Amino acid sequence: MATAPVDKDSHLYLVDASAYIFRAFHALPPLTRQSDGLPIGAVSGFCNMLFKLLEDVKGDDRPTHFACIFDKSSITFRNELYDQYKANRPEPPEELRPQFPLVRRAAEAFAAHAIEMEGFEADDLIATYSRQAEAKGARVTIVSSDKDLMQLVSDRVVMLDTMKNKTLGREEVFEKFGVGPEKVVDIQSLAGDSVDNVPGAPGIGVKTAAQLLDEYGDLETLLARAEEIKQPKRRQTLIENADLIRISKQLVTLKDDVPLDLPLEDLAVQDPDPDTLISFLEEMEFRTITRRVREMMELEGAIESAQPAEDPIDRSKYVCVRDFEALEDWVARATKQGYVAVDTETDSLDSIVANLVGVSLALSPNEACYIPLAHVDPDGAGDGDMFGADPPRQIRMKDALRALKPMLEDPSVLKIGQNIKYDLSIFATHKIDVAPIDDTMLLSYVLNAGKHNHGMDTLSERYLQHNTIPFKEIAGTGKSQVTFDKIALDKATEYAAEDADVTLRLWHIFKPELRPEKVTTVYETLERPLVPVLARMEQEGIKVDRDKLSRLSSDFSQRMAALEAEAHEQAGREFNIGSPKQLGEILFDEMGLEGGKRTKSGAWQTDADVLEGLAAAGHGLPRTIVDWRTLSKLRSTYTEALQAAINPTTGRVHTSFSMAVAQTGRLSSTDPNLQNIPVRTEEGRKIREAFIAEDGNVLVSADYSQIELRILAHIADIDALKSAFKDGLDIHAMTASEMFGVPIEGMDPMVRRQAKAINFGIIYGISGFGLARQLGIPQSEASDYIKTYFKRFPGIRAYMDETKAFAKEHGYVTTAFGRKINLAGIKSKGPQKAFAERQAINAPIQGSAADIIKRAMIRMPDALAQAGLKARMLLQVHDELVFECPEKEADKLIEVAQATMQGAAGPSLHLSVPLEVEARAAKNWAEAH
DNA sequence: GCGATCACG
DNA sequence: GACGTACGTGATCGCA
C-alpha cells in the first residue's frame, strides 16, 4: 500500500463509483462482451474514466491521492430516522447487476482503492475524506454529478462530471441552487427530493427555498421566525411541517465524521501492476484500452533498453512489392507485430487533389517495402518485362487497398507516420479510416518545440545522422520535375521505403521520451486526436463566391491605376510604385522629407507607420502609396489568389493546417492561408463576404471573447481581473478605470483605447518602447503607464518575474495543459535575452489558448453528432471556429458550439474565470463574424 | 533566396 | 548608460 502525507500540494480524487455505474449504464450505449454476451458497458465506461483520470490529468490537477467509493448496502442510519428514505428506489436492472463486482475489480486492477463501509452511504465516506483533505489544505475533486454532494464544494473542493466533461465549483452550485454550497443542505431540506424520497416541505421548491433563505439567512432562523412569513400558504406549510423539514435536514446532511478504516494518507496514488491490469482488461475484451495501456507500460519499461539501433540505413534491403501474396505477407506481419510505419506516395503535395501512387511500410530498421500502385511508363526502370509506354507490373490498386484496409483500420495495429494527416486524407479518398495512429512529426513537436523544426529531413539528420534522398534527386527540378508516378520503380522504392524506415526509427527514439519529458498528455489529448479532425476540415473546404472576388479584383485594379498615376504626379516622375527601394529614394533623397529611418539592411524604411507619419505631416504622396498598397495587398493576396485556389472538383477552397510550425502550439494555415482573411477594414471585409455557405446553408462563426486576457487572469491569479470577467465587465474599460481612476460610465474612448493597448502589451511581454510605438506617445509616458499598471496589478509583475525565472532555470516554459515551449535565447545576454523573456511571458498565454481551442475541436465532431447535427467544422482562426450547417440547424449548432468551446478547459483544468463564446449565423463569413 | 511589407489572431 | 524591442503566423513582391 502506498502512503503519502496530505498537504496543500496534494490533490485527492474521490470517485463516486456506485453513482457512476448507474449513470454509465443509462448514458452509454449498451455493450456486451463479444465472446459470451456478458453486459459490460458500465465496466468499460468506468475503466476508460479511470485510465483518463490517472494517466491524462496533468499539472496541479494530477491526483496524488485517489479512491473509488462504493455503497455497501442500502440500509443506513438514515433509514432509522425516516423509514421511507430511498424507499421508492427500483431494483437495479438485470443487465447491470453482474457489473457491480466487475467495477470493483476494475478499480483494484487500476490500483485504486475500492472503499465501502457498512451502514454508510458512499456520499458519507466521500464527505469524510473530502473534509479531512480540505482541512489539510489539499485540493479535492469529487468525480460525480450527484447534487447531494454539492454541499461539499468549496474553494478547494470541486466536482467533476466526466461524462459531460464539466467541472463544477462554487459558481455552478450557486447557479443551480441560488445559494452557495454552505446552504445547499438548507435548500434540500426545504425542497425535498423525490428521487431519494426526502420529504421536505410540500409545495416548496428550490426557487422558493432560495428566496426564503435569502430573506431569513438560514434554515433554523427561518423555522424560528416562520410566523413572520408574509405569504399565508408558505407560512402555514413551514409551521406545520417543521418537524419533517428538520428530519429532511438530517437526511440530506452528509456525515463527515465516519470512522474510516483506511486513513486518508493511505490513498496515495500508486502505479498499477501491468500484468494484473492487462489481464483484467483482456478478460473484459476491451481492445482499445488494452492496447493503450500495454503501449504505455511497454514503452515505460523500454526506455533504457531501447537504445537507437546500431543498424545503419541500408537501402539495398528495401523490397518492391509487386505480387499480391507478398503484400498479404507484409500485411500479416504488420498485424502480428501490432505497429507499422506507413507512408503514401502521390502525385501532389496538396492532399485534396493528390492521387495515390504507392504505399510504403516499415516493420523494423531496414525492414521496409514499397508497394507501387499507379506508376506509369517507367522509362528505364530496368524492368525486364516491360516495353515502351506500358505500365510496370504492379498490384491492382483495388486489390492492394482491399488487402491493406483491414490492417489500416485494425484497432490493435498502430499506424505510424510522419505528418500522417496527409496520409489519412489520401486513404480517406479510398474509404479507409486509418486508426489508431502515431505521428513522428507531432512527437517531435511536443518534445522539441522551439529547438528545431520537425520536418523529416531535419529529424533524420539530427536524430539518425542520416541524410534522406532529396526528392529533387529522383524527380528533377524546375520545369523538368516529374511526379512520383513517373519515377522508375527501383528509385521509387529506395526513396519511399526509406521514408517509412526513417519514420519508424524516429518513432523508436521519440515515443519512449514522452513520459520522462511529461508531455504524454499533450501528445495524446491535444495533438494526436486532432489529426483526423483537421483532415476532415481540410477535406470539407469552404465555398467562395468567384464572381464576387473577380468583381472586387477589377474594382481594385482600376482604383490602383488611378492611384499609381497620382503617385507619379506627386513624385514628379514615373517609378515602380511597388518598389519600397525606389519609393524610399524618392521620399527621402529626392523630396527630402524629414524623419526617414533605415532598415537593418540600410534601405529607407517605408512601411505604413512611416508613411502615416509623413501623411500626418501634410505630405500627399505617402497617403497615395498607403492607399495603393492596401488595394494591391487585397488584390494579389486575396481576390486573385483565392480564385486560383478554388478546387475545380469541389468548387471550394481547401486550406492545409500545419500542426507543427508555431512554437506556441497554435495551428497555422497555408495554401491558401485562411487564417488571415481581411476583417479590420471596410474594404477588407468585402473579401470576407465572398466566403459563403452552400444554398440552404449558413456559416456559423463562434469565437472566444478575450481568451488570452482571461487565461492571464487565471494563470497569474489576479483577483481584480478575475472578478471583472466574472461580472462580465468591459475589461479594457475596467483596466482604464483602475489605472486612471476614471469611472467606466461615459469613459473617453481614447482612454479606453490606451488601456486596451496596455492589456495587449502585457500579453506580449510589455516594453515602454513597444507601447510608445503602438500608441504614438513618448516612451517616458508609456513607461509611466506601465508603472501605474504594475502598481495596480502587482500580481502580473510577480507572474512575469516568476515566468522569466522559470524559463531561465529550465530553458522552457509550459502552458496550462503541460505543453513545453523551449526558448533558445533565454540563457544568452543582450537583446536576444530580452526577446526570449517576452516570448517566455507570451508563450504560456498564447499556448494555453491554443490548447483550449484544440480541446474544443477534438470534442466537436462527437458533440455535433450527439446533437444530431449535420454541421461541419470548416476553419479555425486561433480563437474562432467556422462551421457550415443547414439553415434550420443554426440555432442548435450555436448552442452546441458555445457549450463545447466554453467547457473546453475542463475537466482536467478548472479555470477560475469563465470562458465566453460569441456566435452568429449568416450567409457569409463577414456577417457571421 | 531574402528582406520588406502587410493580412490575421 | 546604451542597446534594440512589443507575441505568434503566411503570402507577395522587388531585387540581388
Side-chain angles (χ1 to χ4, degrees), chain A residues 449-450 575-584 597-611 625-626 628-642 644-645 655-658 661-681 683-685 687-688 703-708 712 757-775 779 782 786 813 821 823 825 829-847 849-850 853 875-881 925 929:
Chain A
F575 69 103
N576 184 347
I577 192 169
S579 166
K581 185 170 171 279
Q582 293 181 30
L583 175 66
K597 276 182 290 188
R598 292 186 185 268
T599 64
K600 266 185 207 133
S601 56
W604 289 112
Q605 196 175 357
T606 67
D607 64 21
D609 260 10
V610 171
L611 297 181
I625 299 292
V626 166
W628 182 88
R629 277 191 185 163
T630 305
L631 295 176
S632 166
K633 178 79 175 183
L634 295 179
R635 194 179 112 90
S636 64
T637 312
Y638 300 103
T639 56
E640 287 296 305
L642 281 173
T655 185
S656 173
F657 289 107
S658 305
V661 171
Q663 321 285 304
T664 53
R666 274 191 175 181
L667 299 177
S668 79
S669 162
T670 63
D671 310 307
N673 181 356
L674 297 185
Q675 288 182 324
N676 71 345
I677 301 304
V679 70
R680 289 172 186 171
T681 64
E683 218 62 79
R685 269 194 293 276
I687 289 163
R688 213 168 255 239
D703 69 296
Y704 285 108
S705 147
Q706 304 291 358
I707 188 169
E708 292 192 344
L712 175 69
I758 292 167
N759 277 332
F760 274 102
I762 294 294
I763 288 171
Y764 296 154
I766 201 155
S767 71
F769 181 91
L771 182 65
R773 205 167 71 87
Q774 178 67 33
L775 284 175
Q779 192 172 335
I786 295 170
V813 290
I821 296 139
L823 300 167
K829 291 228 183 293
Q832 278 171 23
K833 182 186 156 170
F835 182 50
E837 285 183 345
R838 290 196 297 275
Q839 288 181 315
I841 289 162
N842 174 259
I845 302 169
Q846 187 180 116
I853 196 168
L875 299 177
Q876 187 250 43
V877 193
H878 311 307
D879 62 357
E880 172 189 13
L881 294 175
W925 192 7
H929 184 76

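Worth saying up front: this structure is predicted, and the values here are computed from it rather than measured. Chain A is the first sequence line, chain B the second, and so forth, proteins listed ahead of strands; every chain is numbered from 1.
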Nucleotide [N], atom [atom2] - distance to [atom1] of [X] in whole Å:
X: A/Lys597; N: B/dG3; atom1: NZ; atom2: P; result: 20 Å
X: A/Gln605; N: B/dC6; atom1: CD; atom2: C1'; result: 13 Å
X: A/Leu642; N: C/dT12; atom1: CG; atom2: P; result: 9 Å
X: A/Ile677; N: B/dA7; atom1: CD1; atom2: C1'; result: 8 Å
X: A/Leu631; N: B/dA7; atom1: CG; atom2: P; result: 10 Å
X: A/His878; N: C/dG10; atom1: NE2; atom2: P; result: 9 Å
X: A/Lys633; N: B/dC6; atom1: NZ; atom2: P; result: 8 Å
X: A/Arg598; N: B/dG3; atom1: CZ; atom2: P; result: 18 Å

What contact category does [X] fall into here, base, sugar-phosphate, or nothing, at under 4.0 angstrom with non-hydrogen atoms?
X: A/Phe769; answer: base
X: A/Ser658; answer: nothing
X: A/Gln846; answer: base
X: A/Arg629; answer: sugar-phosphate
X: A/Gln582; answer: sugar-phosphate
X: A/Thr606; answer: sugar-phosphate
X: A/Ala757; answer: base
X: A/Asn676; answer: base
X: A/Glu708; answer: nothing
X: A/Ala641; answer: sugar-phosphate
X: A/Gly765; answer: nothing
X: A/Ala850; answer: nothing
X: A/Pro678; answer: sugar-phosphate

Determine the interatomic distance between [atom1] on [N] and the same-named atom on [M]; round to the nearest Å.
N: B/dA7; M: C/dC3; atom1: C1'; answer: 31 Å
N: C/dA6; M: B/dA4; atom1: P; answer: 13 Å
N: C/dT5; M: B/dG3; atom1: P; answer: 14 Å

Between [options], spot the one nearest the side chain of [X], thanks.
X: A/Asn576; options: C/dG10, C/dG14, C/dA6; answer: C/dG14
X: A/Phe835; options: C/dC7, B/dG9, C/dT12; answer: C/dC7
X: A/His929; options: B/dG9, C/dG10, C/dG8; answer: B/dG9
X: A/Thr670; options: B/dG9, C/dG14, C/dG10; answer: C/dG10
X: A/Asp607; options: B/dT5, C/dA6, B/dG9; answer: B/dT5
X: A/Tyr764; options: C/dC7, C/dT5, B/dA7; answer: C/dC7
X: A/Gln839; options: C/dC7, C/dA11, B/dC8; answer: C/dC7
X: A/Lys600; options: C/dT5, C/dC7, B/dC8; answer: C/dT5
X: A/Ala608; options: C/dG8, C/dA6, B/dC6; answer: B/dC6

Taking the side chain as C-beta and beyond, is there a heavy-atom pair between [X] and [Y] under 4.5 Å?
X: A/Tyr638; Y: A/Asn676; answer: yes
X: A/Arg773; Y: A/Asp609; answer: yes
X: A/Leu642; Y: A/Ile677; answer: yes

Side-chain N or O of [X] versus OP1/OP2 of [N]: is the shortest distance under 4.0 Å?
X: A/Arg838; N: C/dT5; result: no
X: A/Arg680; N: B/dG9; result: yes
X: A/Ser579; N: C/dC15; result: yes
X: A/Thr599; N: B/dG3; result: no
X: A/Ser601; N: B/dA4; result: yes
X: A/Gln663; N: C/dT9; result: yes
X: A/Ser668; N: C/dG10; result: yes

Nearest non-hydrogen partners of [X] and [Y], listed with the distance:
X: A/Gln605; Y: A/Asp607; result: NE2-OD2, 3.0 Å
X: A/Ile786; Y: A/Leu771; result: CG1-CD2, 3.9 Å
X: A/Leu775; Y: A/Ala757; result: CD2-CB, 3.7 Å

TODO: Would you state whether a donor and an acceptor, one from the side chain of A/Arg773 and one from the base of C/dG4, lie under 3.5 Å apart?
DONE: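 Side chain to base: no pair below 3.5 Å.
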- [ ] May I ask you to verify whether the side chain of A/Ser636 and the base of C/dT12 hold a donor-acceptor pair under 3.5 Å?
- [x]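 A donor-acceptor contact between them is absent.
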- [ ] Identify the nucleotide, in any strand shown, that forms a Watson-Crick or G-U wobble pair with C/dA2, with both distances under 3.5 Å; if there is none, say none.
- [x]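 Paired with C/dA2, as far as the under-3.5 Å criterion goes, is no nucleotide at all.
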Nearest 0.5 Å, please: how far is [atom2] in [Y] from [atom1] in [X]?
X: A/Glu683; Y: A/Lys633; atom1: CD; atom2: NZ; result: 15.5 Å
X: A/Leu875; Y: A/Thr655; atom1: CG; atom2: OG1; result: 7.5 Å
X: A/Ile625; Y: A/Thr630; atom1: CD1; atom2: OG1; result: 11.0 Å

